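Following: one structure in structure tokens, then a few remarks.
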Amino acid sequence: MIDLLKPSTAKVMTSHLRFHLVPAFGRLRLDEIGQEQVQMFVGKLAKGRSRHTILNVLGTLASVLKMARKWGYAVAGFQQSDLVMPCSKPRKPARFFTAEQARSIIGLAGEPWRTIFTLAAMTGLRPGEVLGLSLDDLDFEQRLIFVRRSAWYSHLISPKSTRSVATVPMPGPLSEVMTN
């Protein structure tokens with residue numbers, strides 16, 4: 001099952017299994033993993049982990065149990081909506097560089113970093129999306145950038161989400177940097 005997923009998803013799910021799910025449920029039969037056991041697991045996981053992480057780990061557990069059910073195993077299961085989840089902590093404000101800081105970083109960078117940083121700063125693309133671009137993705141006449149893939153650990157994969165597949169305008173100053 002895991003080898004059918006995007007490599008990035010498979011890596012995260014493997015980590016969830018190794019560090020959280022197998023240690024917590026590895027000695028139980030699938031039909032013993034019910035609402036009560038999952039709620040106790042959430043309570044333990046909540047100490048030192050964000051709500052977002054807990055939801056991601058529960059998503060992996062739900063996927064494993066769903067596949068086991070499809071394969072004909074007796075599975076107790078749980079309803080995520082019935083779990084008591086920890087409160088979300090207020091988000092910290094996103095960190096960012098000011099325009100002047102970005103100009104300074106770009107000015108000090110050598111190639112190819114100067115072009116990479118300029119592209120990221122002027123488009124807002126994720127690092128993997130920038131590194132996944134090829135010359136075919138750049139239309140200098142219409143000044144457009146086509147985001148079609150992402151780089152992940154030296155592999156080209158589909159972007160993070162379907163909404164990430166996009167056409168992004170190429171500002172004039174970026175076009176100049178890219179053609180020089």
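Because the structure is predicted, anything quoted here is derived from the model rather than measured.
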Report summary line: On a heavy-atom basis, the closest approach of Ile33 and Gln37 is C-OE1, 4.2 Å
Query - Derivation and outcome, side-chain contact (heavy atoms from CB on, under 4.5 Å), residues Asp139 and Gln142 - result: CA-CA 6 Å; Asp139 183 339; Gln142 295 185 55; 3.3 Å; yes
Report task. Could you grab the distance from atom CZ of Phe117 to atom CD1 of Ile106, nearest 0.5 Å is fine? Result -> 8.5 Å
Query raised in the report: Does the side chain of Thr53 pick up a donor-acceptor pair with the side chain of Ser50 at under 3.5 Å?
Result: yes
Query raised in the report: With sequence neighbours left out, which residue pairs that include part of residues 161-180 fulfil the ring-ring contact (aromatic ring centres under 6.0 Å, His included) condition?
Result: none
Query raised in the report: Rounded to the nearest 0.5 Å, how far apart are CD of Gln101 and CZ of Phe96?
Result: 8.5 Å
Query - same_hphob_cluster(Leu83, Leu65) at 4.5 Å side-chain heavy-atom cutoff - result: yes
Query raised in the report: Taking C-beta and beyond as the side chain, do Lys6 and Ser158 meet within less than 4.5 Å on heavy atoms?
Result: yes
Query raised in the report: When hydrophobic residues are tied together by side-chain contacts of less than 4.5 Å, even through go-betweens, does Met67 share a cluster with Val57?
Result: yes
Report task. Could you please spell out the steps behind the side-chain contact (heavy atoms from CB on, under 4.5 Å) verdict for Leu17 and Val64? Result -> CA-CA 9 Å; Leu17 287 163; Val64 169; 4.1 Å; yes
Query raised in the report: Is the side chain of Arg143 donor-acceptor paired with the backbone N or O of Met170 at a distance under 3.5 Å, no angle test?
Result: yes
Query raised in the report: Given side chains that start at C-beta, do those of Pro7 and Trp152 come closer than 4.5 Å, heavy atoms only?
Result: yes
Requested in this report: Using modelled atom types only, decide if a donor and an acceptor are shared between the side chain of Asn180 and the backbone of Glu176 within a distance under 3.5 Å.
Outcome: yes
Query raised in the report: Is it the case that one hydrophobic cluster holds both Trp71 and Leu21, taking links as side-chain heavy atoms less than 4.5 Å apart, direct or via other members?
Result: yes
Requested in this report: Please report the closest heavy-atom contact between Arg149 and Ser134, naming both atoms and the distance.
Outcome: NH2-OG, 3.0 Å
Query raised in the report: More than 12 non-hydrogen atoms from neighbouring residues, nucleotides or ligands closer than 6.0 Å to CD on Glu36, yes or no?
Result: no
Report summary line: In this structure, CG of Leu45 is separated from CE of Met40 (nearest 0.5 Å) by 13.5 Å
Query raised in the report: Stepwise, does the side-chain contact (heavy atoms from CB on, under 4.5 Å) test hold for Val168 with Phe146?
Result: CA-CA 6 Å; Val168 177; Phe146 302 98; over 6 Å; no
Requested in this report: For Arg49 and His20, run side-chain contact (heavy atoms from CB on, under 4.5 Å): C-alpha distance rounded to whole Å, both residues' side-chain angles, the deciding distance at 0.1 Å, then the answer.
Outcome: CA-CA 11 Å; Arg49 293 191 183 70; His20 304 296; 3.2 Å; yes
**Report entry** Least distance between heavy atoms, Met85 atom then Leu55 atom
**Finding:** CE-CD2, 3.5 Å
Query raised in the report: Are the side chains of Thr118 and Leu174 in touch, meaning some heavy atoms are under 4.5 Å apart?
Result: yes
Query raised in the report: Tell me, do Leu58 and Val38 make a side-chain contact under 4.5 Å, heavy atoms counted?
Result: yes
Report task. To the nearest 0.5 Å, tell me how far Ile54 CD1 sits from Phe41 CZ. Result -> 8.5 Å
Requested in this report: Give the minimum heavy-atom separation between Ser63 and Met13, together with the two atoms involved.
Outcome: CB-CE, 3.9 Å
Query - ILVMFWY cluster, Leu125 and Leu156 together (side-chain gap under 4.5 Å) - result: no
Query - Listed partners of Arg126 passing side-chain hydrogen bond (donor to acceptor under 3.5 Å, both in side chains), at least two apart - result: Glu129, Ser164
Query - Least distance between heavy atoms, Phe140 atom then Met178 atom - result: CE2-CB, 3.6 Å
Query raised in the report: Got Leu119 and Val177 here, is their nearest side-chain heavy-atom distance under 4.5 Å?
Result: no
Query raised in the report: Is Phe78 close to Gln39 at the side-chain level, that is, under 4.5 Å between some pair of heavy atoms?
Result: no
Report task. Consider only side-chain heavy atoms of I, L, V, M, F, W and Y, link residues closer than 4.5 Å, and tell whether Phe19 and Leu28 are in one cluster. Result -> no
Query raised in the report: Which value, rounded to the nearest 0.5 Å, describes the distance between Ser175 atom OG and Leu138 atom CG?
Result: 9.5 Å
Report task. Indicate whether the side chain of Glu100 and that of Ser104 have a donor and an acceptor atom separated by less than 3.5 Å. Result -> no
**Report entry** For the student: nearest non-hydrogen atoms of Gly77 and Arg69, plus distance
**Finding:** CA-NH2, 3.9 Å
Query raised in the report: Are any of the side-chain heavy atoms of Thr123 and Ile145 separated by less than 4.5 Å?
Result: yes
Query raised in the report: Any Lys/Arg nitrogen of Asp136 or Arg148 sitting under 4.0 Å from an Asp/Glu carboxylate oxygen of the other?
Result: no
